[in-house]
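What follows is a single structure, written as structure tokens, with notes after it.
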Amino acid sequence: MRVVEATGVPVRWERVEAGALAVERHGTPLPAGVLESIARNRVALKGPLTTPIGTGFASANVALRKELDLYVSLRPVRSLPGVRTRHEGVDLVIVRENTEGLYSGREHSVAPGVVEGLRIITRRASERIARFAFEHARHEGRRKVTLVHKASIMKMSDGLFLECCHRVGREYPFVACEEILIDNAAMQLVLDPTRFDVLLMENLFGDLISDLCAGLVGGLGVVPGANLGDRCAVFEAVHGSAPDIAGRGMANPTALILSAALMLRHMGERAAAAAMTAAVERVLAEGRRVTPDLGGNATTTQMADAVIERLGAAVEAPAP
């Protein structure tokens, strides 16, 4: 929030609570006030929310996407200066369908010891996520969309997904379109991620591959994310909530700051977004005031202070 304010963009913040804290205080992980606030403001910056594994309440993240129809998960993955990794020059985008498939959590017990999960793929969801991917490629000057699937086995569901994507892709002859099996995609990404540009996939595949790609550029602590719909947009760091280090000043703020830059870009504040990103990159390149996971000994606040200092007066505040 302080880095955004330092750009001079006149943002007014409205804070609401979700996740485990909301369960303690309101009895639900996603109070109605959260949805109302996002629907009214149409843009939100969200911190990581804790979801119990195997038991407890359902994921507030999944519920948020469903309730607000945030059907696009957008994760830009780019090599950053000062962050040492096995690969250089990585610059790709994961476009993940966000509302259906196995990840939507539609499962039930059909008999003792037997649980059934539903992997639903629809023409409507497939076509609209495909259109977003090709429009994003066109708008951002990207040249290729890769369809990631397993239609060799799931011939009907992934077959429908591929059919819809190819149909939409034909409307964008200036954007190359290729397809690749999910297992081969994972291997090729590890071998040479620079061969990819925009990767388009269904929900569960996108969840797995987006984290794999984050690992290619330094991990979840340095990768931004966004969940987008036709009316609302929620921007978030893609890493977990890490309650074991909460309040200790150890958390790397890079991913959330870069997510906030994505938010400003979405709002049309492209100069401010570019200045924020450049400031983060300068701090990472210098490597002196970064958090322990990046090899430094700065606290979360100290790293944010460094970003603000590098940001300086690069962006002139627009008139309110």
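Bear in mind that the values here come from a model prediction, so they are computed numbers and not experimental data. Along the sequence shown, the residues carry numbers beginning at 1.
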Using atom types as modelled and distance alone, determine if a side-chain donor or acceptor of [X] lies under 3.5 Å from a backbone N or O of [Y].
{"X": "S259", "Y": "G225", "result": "yes"}
{"X": "N41", "Y": "V43", "result": "no"}
{"X": "S79", "Y": "V90", "result": "yes"}
{"X": "E202", "Y": "L204", "result": "yes"}
{"X": "K150", "Y": "D183", "result": "no"}
{"X": "T300", "Y": "A251", "result": "yes"}
{"X": "T277", "Y": "A273", "result": "yes"}
{"X": "K66", "Y": "S104", "result": "yes"}
{"X": "E116", "Y": "L118", "result": "no"}
{"X": "R265", "Y": "R270", "result": "no"}

Hydrophobic cluster identity match, [X] and [Y], side-chain contacts under 4.5 Å:
{"X": "V283", "Y": "I308", "value": "yes"}
{"X": "L228", "Y": "I38", "value": "no"}
{"X": "L200", "Y": "L162", "value": "yes"}
{"X": "V16", "Y": "M263", "value": "no"}
{"X": "L70", "Y": "V62", "value": "no"}

Return the [atom1] to [atom2] distance between [X] and [Y], rounded to the nearest 0.5 Å.
{"X": "L74", "Y": "H136", "atom1": "CG", "atom2": "NE2", "answer": "5.0 Å"}
{"X": "R75", "Y": "L199", "atom1": "CZ", "atom2": "CG", "answer": "13.0 Å"}
{"X": "T99", "Y": "L68", "atom1": "OG1", "atom2": "CG", "answer": "12.5 Å"}
{"X": "L191", "Y": "N184", "atom1": "CG", "atom2": "CG", "answer": "9.0 Å"}
{"X": "T122", "Y": "F161", "atom1": "OG1", "atom2": "CZ", "answer": "11.0 Å"}
{"X": "E100", "Y": "L102", "atom1": "CD", "atom2": "CG", "answer": "11.0 Å"}

Minimum heavy-atom distance [X]-[Y], with the two atoms named:
{"X": "N98", "Y": "V72", "value": "ND2-O, 3.6 Å"}
{"X": "A151", "Y": "L181", "value": "N-CD2, 4.3 Å"}
{"X": "N252", "Y": "L294", "value": "ND2-CD1, 3.4 Å"}
{"X": "V145", "Y": "A133", "value": "CG2-O, 4.3 Å"}
{"X": "A137", "Y": "V198", "value": "CB-CG2, 4.3 Å"}
{"X": "P31", "Y": "A18", "value": "CD-CA, 4.4 Å"}

| said: Under the ring pair (Phe, Tyr, Trp, His ring centres under 6.0 Å) definition, can you give me all pairs with a residue in residues 253-308, not counting sequence neighbours? | reply: F235-H266
| How about E269 and T7: does a side-chain donor come under 3.5 Å of a side-chain acceptor? |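 Side chains of E269 and T7: no pair found under 3.5 Å.
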| task | Validate the cation-pi geometry between R65 and Y103: distance from NZ or CZ to the six-membered ring centre under 6.0 Å, angle to the ring axis within 45°. | result | no
| message | Tell me whether the NZ or CZ atom of R119 lies within the 45° cone about the ring axis of F205 and under 6.0 Å from its centre. | response | yes
Determine whether more than 12 heavy atoms belonging to other residues, nucleotides or ligands lie under 6.0 Å from atom [atom1] of [X].
{"X": "H108", "atom1": "NE2", "value": "yes"}
{"X": "M156", "atom1": "CE", "value": "no"}
{"X": "R40", "atom1": "CZ", "value": "yes"}
{"X": "N297", "atom1": "CG", "value": "no"}

| Using 30° and 60° as the class limits, which term best fits the ring planes of F174 and Y172: parallel, tilted or perpendicular? |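 F174 and Y172: perpendicular rings.
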Output yes when [X] and [Y] qualify as a salt bridge under the 4.0 Å nitrogen-oxygen rule, no when they do not.
{"X": "D197", "Y": "R143", "result": "no"}
{"X": "R167", "Y": "E163", "result": "yes"}
{"X": "R2", "Y": "E5", "result": "no"}

| message | Tell me every residue that passes ring-ring contact (aromatic ring centres under 6.0 Å, His included) with H239, counting only those two or more places apart in sequence or in another chain. | response | none
| request: Take L160 and R123 through the side-chain contact (heavy atoms from CB on, under 4.5 Å) test and state the conclusion after the steps. | output: CA-CA 7 Å; L160 175 61; R123 183 177 301 278; 3.6 Å; yes
